[in-house]
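Step one of this worksheet: look at the structure below.
Basis for what follows: all heavy atoms, side chains included, without hydrogens, waters or symmetry-related copies.
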Amino acid sequence: MRFYENIQFTSESRKSPRSYYIPGGCSQYLLLNGEWEFAYFNRDIDVPEKIEQWDTITVPSCWQLHGYENPNYTNINYPYPCDPPYVPTDNPCGVYEREFELEKKWGKVYYLFEGVSSCAYLYINDNYVGFTQGSHLQAEFDITDYVKEGTNKVTVKVLKWCCGSYLEDQDFFRFNGIFRDTYILQRPIGHMEDVQIIPNEKTIHVVTEGICEVSIAFEGKELVQTQMENEFTYEVENPVLWNAEKPALYDVVLKRNGEEVKFRIGMRKIEVSSQYELLINGVSVKLHGVNHHDTHQYNGWCQTDEELRKDLLLMKELNINCVRTAHYPPTPKFMEMCDEIGLYVICETDIETHGFLRRLPNVEYHFDMESNDWPASTLEWQGEHIERMERMVETFKNYASIIMWSTGNESGHGVNHVAMIRWTRSRDNSRLIHCEDASRKEQIHNADVYSRMYISFEELEKAAVTNDICMPVFLCEYSHAMGNGPGDVYEYNEIFDKYPKLIGGCIWEWADHVVMVDGVAKYGGDFEGELTHDGNFCCDGLVFADRTFKAGTMEAKAAFQPIRTSYEEGVLRVFNRLDFSNLNEYDFTYWVEVDGVKKEEVTLKLDVAPHESVALEIPYEETTCRYGVYLNTRLTKAEKECAQTQHELPYKKVEETVREKSLTLTEDEYHIYASGEGFQYVFSKLYGGFTSMIIDGVEQLAGTSKISMFRATTDNDAKMRPFWANVNIWQGENLDCAFTKIYECDICDDKILLKGSLAGISRKPVLLYDMEIKITVAGTVEIGFNGKIREDATWMPRLGMEFTLTEQASAFSYYGRGPWENYCDMCHCASVGTYKSDVDSEYVNYVFPQEHGNHMNVKRLTLGNLEFQSEDDFECNVSKYTIEDLDQAKHTDELHADGNVHVRIDYKVSGLGTASCGPDLSEKYRFSEKEVSCKFKIKKLTNK
């Protein structure tokens with residue numbers, strides 16, 4: 001056994017963990033970020049005693065992104081045999097070296113790593129100092145006896161793998177190196193070691209060893225200054241309590257021997273009510289959360305302070321109030337920002353071992369604790385489990401934003417987790433303890449919340465009402481945001497609000513994990529040498545890798561937004577979902593739109609306390625219009641939109657006063673012809689679609705219109721793809737390889753009547769349909785469709801007509817739901833109105849190309865010289881790519897626009913859901929109808 005494979009010996013000379021702080025005053029802080037010398041070796045045994053040839057590398061960084069090895073993305077599988085505690089014989093090693101200056105050696109000198117993967121050996125001036133494991137946990141070494149005044153040298157040997165790697169099987173790209181800040185502190189002899197200021201709601205209680213000066217201030221006003229020994233309690237008069245909406249912080253400064261240590265402390269209390277609500281300062285709070293991995297499209301695990309702050313500010317902009325540090329502790333500055341900006345935190349330690357699920361072939365997904373193979377249930381691993389929990393808790397214990405300690409993720413639930421929980425409760429009982437694996441194993445009494453992942457709406461409601469669960473219910477992961485989605489986040493939050501016991505959850509996850517190569521986002525399997533990988537399963541972010549938004553982002557914002565509104569009989573009711581803020585801190589605006597035309601806006605200050613509502617009478621006289629009347633509301637703060645809602649109002653529909661006469665049609669063996677003033681149309685009797693539509697001498701079509709039912713598979717459609725597409729020879733409807741058959745096509749009373757079918761290759765027809773097409777003297781095409789879907793067929797992705805138009809139709813306008821793409825289960829972020837767009841704007845740059853760009857509740861779509869209309873709503877999609885091109889491409893650079901405009905006029909499109917990891921799409925959002933009847937028109941627009 002090699003040194004770094006001994007689970008009983010995972011550190012040497014590493015100091016005991018303490019609370020995080022950077023001392024000031026006379027103390028010195030020397031940040032060692034920047035250019036280091038670097039040497040990479042395929043095997044640690046090849047590292048020579050003296051390295052002659054050095055490269056340079058930036059610290060912090062991940063060496064795989066600097067040309068040393070390739071990135072590898074794997075979710076569950078270990079990227080080496082599952083043979084703990086042993087790791088591969090050929091263990092790559094990176095050696096880092098640089099000089100630093102110590103002008104004067106006058107005190108105690110320490111070296112700190114905030115993140116190094118997977119383990120590190122530290123040398124100062126060629127003398128061995130110590131060793132550490134625990135990639136995402138802070139490590140501190142006393143180097144006083146190794147440094148000298150003047151120029152010093154630090155050398156760090158970093159190994160790719162160690163026994164601790166078995167505890168770090170998180171769902172991410174596997175990177176190595178010094179990936180967070182590393183620095184040196186010089187502090188006075190006799191300095192403070194640990195400082196404890198665990199938040200509570202009444203006092204600021206400071207604990208540190210020895211005598212020091214302490215001062216406490218709030219908003220610049222000093223409250224107390226005194227001398228303390230070992231501990232000091234200050235009872236704050238009328239304390240201003242911290243919460244995520246109003247993150248009030250007190251400044252605490254400790255001084256000793258010329259050194260200053262500063263903390264910003266929030267006062268707050270966490271409880272569970274008799275109804276099992278989560279109470280923050282006595283108020284029931286719902287967690288509108290997201291899981292956060294450290295990820296950057298160019299720098300991997302390395303995010304700068306500015307980038308982390310941007311992440312958190314974007315979360316606040318999206319009405320997110322909670323973040324789970326999945327699945328390891330963040331850099332301490334992240335927690336400082338959460339305290340300052342206002343976010344509740346589930347702080348998770350650096351443990352995930354779900355690779356043990358795959359240690360045997362052909363075994364179902366099962367956390368088999370009884371096997372005693374898992375580290376969680378093996379006593380020799382207990383010390384490392386407890387130590388990783390201890391290192392997290394001690395580092396972050398003073399942060400008010402942390403409301404739960406989490407024992408890790410997907411690691412089973414064995415005696416070692418129980419020991420971790422026991423230690424944590426004895427150390428800090430002011431927070432809740434989270435352990436999803438305890439709920440999975442039905443040992444919920446070991447934790448303080450019942451935590452689940454990806455359960456259905458029905459399971460969630462069952463958990464809300466059962467007497468078997470006497471604790472808060474929290475979804476640590478739900479609403480999988482992979483690709484086009486998530487399609488269920490709004491409904492989950494409606495259920496959360498319905499039941500006191502349901503305290504909310506965290507969307508999986510914040511941002512796509514990708515590695516950019518020549519401008520193209522790459523994922524698992526794209527790199528040479530990936531012996532196991534999980535494809536694009538890492539592209540599951542609520543925001544894109546560059547932090548731009550998608551429709552799913554905005555849907556989450558709508559699900560979390562501070563208000564809910566309802567409208568009935570002229571009264572608009574506004575409910576304040578906030579927990580600590582009155583709506584008078586916001587501007588509330590409402591207005592009415594008639595056929596997309598905005599009427600006068602009214603802006604108010606609403607005096608509505610948290611969890612209360614107000615009724616507003618909205619004067620409205622029923623009007624006559626073509627498309628509809630909508631009452632819109634908007635909530636803003638500092639000119640930023642925080643919420644928007646919309647309600648349809650009653651209206652009288654404009655009746656058509658003149659019905660256009662039918663045009664006399666002509667035909668030959670294969671075609672039907674329609675010709676009038678300014679137009680000539682050709683309809684194929686063989687294919688049942690228009691092959692030409694010339695208006696004012698300009699051809700509008702670039703292909704034959706057709707009936708279709710397929711859509712380019714979304715990530716969340718993956719489970720259904722074998723039922724829809726030609727994936728194997730026996731299973732699917734093969735809608736992507738569909739044939740249209742026209743059985744009859746005749747002219748009768750100046751109308752085209754046809755009977756047809758749609759069938760996938762090798763399959764019995766899935767759709768039988770009749771169409772009636774009338775062409776008027778003005779060039780309007782009126783289409784009536786009646787279809788029957790085979791009774792034994794599964795639910796369908798969509799049903800509609802496809803039109804291929806020429807490039808002149810690339811810019812268009814529509815009356816419907818926009819501007820974001822929207823689907824029946826992801827539409828709360830989009831309002832009905834009049835919009836202008838174009839094919840480039842409609843394209844959504846998903847890492848893995850897929851279905852996108854749908855719009856619901858459409859009454860009118862205008863492109864080129866054609867306008868599609870319907871008395872009833874339809875759904876539409878306008879793209880520069882064919883369904884086939886989107887479905888076949890695996891990366892964005894594999895898409896090839898053909899220069900045409902591809903238009904879908906759909907009767908119905910199924911929802912998105914989050915079945916890429918979550919439950920199957922809810923039945924209410926599936927296109928399951930077996931009989932379909934619809935009508936729409938294509939009107940000719942003239943340039944004259």
Side-chain angles (χ1 to χ4, degrees), residues 19-21 114 136 138 195-201 204-205 218 239-252 262-271 278-283 285-294 303 305 308-349 392-406 424 427-434 448-449 472 474 476 503-507 510 560 578-581:
S19 58
Y20 172 79
Y21 55 84
E114 289 192 0
H136 297 84
Q138 186 162 297
V195 178
Q196 174 182 303
I197 319 176
I198 294 176
N200 67 68
E201 83 283 17
I204 295 177
H205 183 64
F218 183 68
V240 180
L241 300 185
W242 184 97
N243 61 72
E245 293 170 26
K246 299 179 183 299
L249 295 173
Y250 289 78
D251 295 300
V252 179
K262 297 181 179 180
F263 296 90
R264 304 205 71 204
I265 299 300
M267 300 180 67
R268 56 103 186 98
K269 186 176 184 180
I270 302 164
E271 298 171 282
L278 170 65
L279 302 183
I280 305 292
N281 305 329
V283 176
V285 167
K286 301 293 185 180
L287 300 178
H288 304 144
V290 68
N291 288 275
H292 183 277
H293 265 293
D294 299 336
Q303 286 190 258
D305 295 349
L308 287 170
R309 177 174 286 273
K310 179 183 178 182
D311 275 358
L312 298 177
L313 291 174
L314 287 176
M315 290 178 193
K316 294 290 283 190
E317 183 180 330
L318 297 170
N319 299 317
I320 291 167
N321 70 358
C322 172
V323 59
R324 176 177 173 228
T325 67
H327 298 293
Y328 43 78
T331 177
K333 290 180 182 177
F334 180 93
M335 217 65 78
E336 289 182 347
M337 295 175 199
C338 290
D339 271 14
E340 173 200 340
I341 293 169
L343 283 156
Y344 302 117
V345 177
I346 293 91
C347 191
E348 194 152 80
T349 199
M392 175 185 71
V393 171
E394 296 296 353
T395 300
F396 297 113
K397 58 182 174 283
N398 296 333
Y399 292 100
S401 53
I402 299 173
I403 60 171
M404 297 184 204
W405 298 120
S406 178
T424 305
R427 181 66 182 92
D428 173 25
N429 63 3
S430 71
R431 298 171 170 98
L432 304 182
I433 293 178
H434 171 269
D448 296 322
V449 294
F474 173 70
C476 60
I503 66 170
C506 291
I507 293 171
W510 172 242
F560 298 156
L578 295 166
D579 305 312
F580 300 96
S581 304

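Minimum heavy-atom separation, Cys476 to His434: CB-NE2, 3.4 Å. Taking every heavy atom of both residues into account, Ser401 and Cys338 meet most closely at OG-CB, 3.7 Å.
When the salt bridge (Lys or Arg N to Asp or Glu O under 4.0 Å) test is applied to Asp579, no partner is found at least two apart in sequence or on another chain. For Glu271, the salt bridge (Lys or Arg N to Asp or Glu O under 4.0 Å) test picks out Lys269, with sequence neighbours left out. Looking at residues two or more places apart in sequence or on another chain, you find no side chain to side chain donor-acceptor pair (under 3.5 Å) involving Gln138. For His288, the ring pair (Phe, Tyr, Trp, His ring centres under 6.0 Å) partners at least two apart in sequence or on another chain are Phe560. With sequence neighbours excluded, no residue forms a side chain to side chain donor-acceptor pair (under 3.5 Å) with Lys286. Partners of Trp242 under the ring pair (Phe, Tyr, Trp, His ring centres under 6.0 Å) rule, at least two apart in sequence or in another chain, are Tyr344.
Side-chain N or O atoms of Ser406 include none that pairs as donor or acceptor with a backbone N or O of Cys347 at under 3.5 Å. For Thr325 (side chain) and Tyr328 (main-chain N/O), a donor-acceptor pair under 3.5 Å exists by modelled atom type. In this structure a side-chain-to-backbone donor-acceptor pair under 3.5 Å is missing from Asp251 to Arg264.
Atom CD of Glu336 sits about 9.5 Å away from atom CZ of Phe396, to the nearest 0.5 Å. In this structure, NE2 in His136 is found 12.0 Å from CD in Glu348, a value given to the nearest 0.5 Å.
Looking at Glu114 and Lys333, no side-chain N of the basic residue comes within less than 4.0 Å of a carboxylate O on the acidic one, giving no salt bridge.
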